> 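This is the structure, below, for whatever I ask next.
Just so we're on the same page: letters track the sequence lines, and every chain starts at 1. Just so it is clear, the model here is predicted, and its values are computed rather than measured.
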Number of protein chains: 2
Amino acid sequence: MSRLSPTARVILGLLRLGPHTGYEIKQTTDRSTRFFWGASYGQIYPELRRLEEAGLAVAAEQPRGGVRRRVYRITPAGEQAVQEWLTGDDDEFGVRDEGLLKLFFGAALDGEELAELVRRRRAFFEEVAAHFRGIGEELGPLDNPSAEVLTYGIGLMDWNAAWWAALEERIGTGPDGVSPRSG
Amino acid sequence: MSRLSPTARVILGLLRLGPHTGYEIKQTTDRSTRFFWGASYGQIYPELRRLEEAGLAVAAEQPRGGVRRRVYRITPAGEQAVQEWLTGDDDEFGVRDEGLLKLFFGAALDGEELAELVRRRRAFFEEVAAHFRGIGEELGPLDNPSAEVLTYGIGLMDWNAAWWAALEERIGTGPDGVSPRSG
DNA sequence: CAATGCATGTAATAGGTTACATGATTTC
DNA sequence: GAAATCATGTAACCTATTACATGCATTG
């Protein structure tokens, strides 16, 4: 019972909710987990084959007209693997933020350049927050754990937007603000 | 003037602040940018060679006793590359959060298992927040853009801890909470 | 003198994206 | 009949971590 690879975790999690083709898995992850756990075709198709080989999923050829189509279903062994993963306690967490990296090196920027970076970053998070709110309105009110993650995304983007907005203020207000190369 | 690779961005940013060996770059990133932009030896040493080859950095052999030692300095071309990168507007942002992924599939967990996941996650963020606060106390009060990113880290960890704590409350309080498989 | 820290490097492995190739079906 | 969508797959490439090998210098 070897450990599930990162992409296997989303795939098997989705297969638990019902049969999917590789294509559908890509669509679904793009619309749901993408923000905190993405998957690309280059990972999905080979991984589905591996899951099949490992007995965690089974594929059925279900062509639609002349279109080749492999629908995958989870097996009992797959269900068990999902349970084991879900109840395990080794949970990865990571942030990759180039705006923050630039801010860290911000002393190399003049006042106007720094202000532009901060403004751009605030705007970015505001846009993403608005985008997530749009998704929330499309879906309507939901009451399950999956819906919580959308709330999380909105909250996180709001928090980021507010943080950069606060920094924007501090920069604009003289000696107590951050100290760029020149003012 | 080709684009800087991800690891080249931190390296060159640090070299701009002064000469460094590969070893020092690893130490410094581990203590500063690691949270949002890491670097490993397997990337650092080959990248330093590439930067040298590209004329963005120069190395000087400065052995300490019998210990081989290559100290890298940034070149004018390197300074320019940093400026171009810093003022560019294509800033990567990404989150990887396995706790969130598990929560997304949380309907597969019973009440107790879900509660345990949420509790563990809250505790994790509280610990990291405390860790960052410790770093802040070590450093003392600072007044430059670099210090802002520590404030960010503390704030983000606090926000996450609070979010999971709030979820913990919602789960504990009956019909308005999330809906696990049972319980 | 043992342990730790300074220092450089590589090989194996993992994980990932992007772009491309291919072709049928559905919708406008 | 053109464009979009459904559908599968791979090759090239990039990015990264981990573990290992090596050896000197410093500190206790």
> Rounding to a whole Å, what distance do you find between A:Y72:OH and D:dT8:P?
8 Å
> Keeping to residues at least two apart or across chains, list the ring-ring contact (aromatic ring centres under 6.0 Å, His included) pairs with something in residues 83-109 of chain B.
A:F125-B:F93
> On a heavy-atom basis, which atom in B:L15 and which in B:I74 lie closest, and how many Å separate them?
O-CG2, 3.9 Å
> State whether B:E168 and B:R119 are salt-bridged, where the test is any N-O pair (Lys NZ or Arg NE/NH1/NH2 against Asp/Glu carboxylate O) under 4.0 Å.
no
> Using a 4.0 Å cut-off on heavy atoms, which residues in residues 86-93 of chain B reach DNA chain D? List them by number, or say none.
none
> When the distance from CD1 of B:I11 to C1' of C:dT8 is rounded to whole Å, what number comes out?
14 Å
> In whole Å, I'd like the distance from the CZ atom of B:R50 to the C1' atom of D:dC13.
13 Å
> Give me the other members of the hydrophobic cluster that A:Y41 sits in, counting Ile, Leu, Val, Met, Phe, Trp and Tyr linked by side-chain heavy atoms under 4.5 Å, directly or via other members.
A:Y23, A:Y45
> Check ring-ring contact (aromatic ring centres under 6.0 Å, His included) between B:F132 and all other residues, then give those that pass, not counting sequence neighbours.
B:F35
> Measure from CD1 on B:I44 to C1' on C:dT10 and round the result to the nearest Å.
14 Å
> In whole angstrom, give the distance that lies between atom CD of B:E24 and atom P of C:dG5.
16 Å
> Please enumerate all residues that pass ring-ring contact (aromatic ring centres under 6.0 Å, His included) together with A:F124, with sequence neighbours excluded.
none
> With sequence neighbours excluded, tell me which residues meet ring-ring contact (aromatic ring centres under 6.0 Å, His included) with B:Y152.
A:W159, A:W163
> Name all residues meeting the side-chain hydrogen bond (donor to acceptor under 3.5 Å, both in side chains) criterion together with A:E126; count only those two or more places apart in sequence or in a different chain, and write none if there are none.
A:R122
> Respond yes when some side-chain nitrogen or oxygen of B:R68 is under 4.0 Å from OP1 or OP2 of C:dC6, and no when none is.
no
> Please name all residues satisfying side-chain contact (heavy atoms from CB on, under 4.5 Å) with A:V71, sequence neighbours left out, ordered by chain then number.
A:P19, A:T21, A:Q62, A:R69
> Calculate the interatomic distance between A:E52 atom CD and D:dT8 atom P; express it in whole Å.
12 Å
> Taking atom CZ of A:R120 as the centre, does the number of heavy atoms from other residues, nucleotides or ligands within less than 6.0 Å exceed 12?
yes
> I'd like a table of atom pairs between the protein and nucleotides 26-28 of chain D - only N or O on both sides, under 3.5 Å - with the distance next to each one.
none

> C:dT8 phosphate, OP1 or OP2: any side-chain N/O from B:Y45 under 4.0 angstrom?
yes
> Atom NZ of B:K26 and atom C1' of D:dA16: how far apart are they, to the nearest Å?
11 Å
> Rounded to whole angstroms, how far apart are CD on B:E61 and P on C:dA7?
13 Å
> Of all residues at least two apart in sequence or in a different chain, which pass the side-chain hydrogen bond (donor to acceptor under 3.5 Å, both in side chains) check with A:T151?
none
> Quick one: what's the B/S/- string for nucleotides 15-28 of chain C, heavy-atom cutoff under 4.0 Å, read 5' to 3'?
SBBB-----SS---
> Taking the side chain of A:R70 as heavy atoms from C-beta outward, which of C:dT8, D:dT10, D:dT8 is closest to it?
D:dT8
> For A:Y23 and D:dT8, is the shortest distance between a side-chain N/O and OP1 or OP2 below 4.0 Å?
no
> Can you name the residues that form a side-chain hydrogen bond (donor to acceptor under 3.5 Å, both in side chains) with B:R133, not counting sequence neighbours?
B:D158
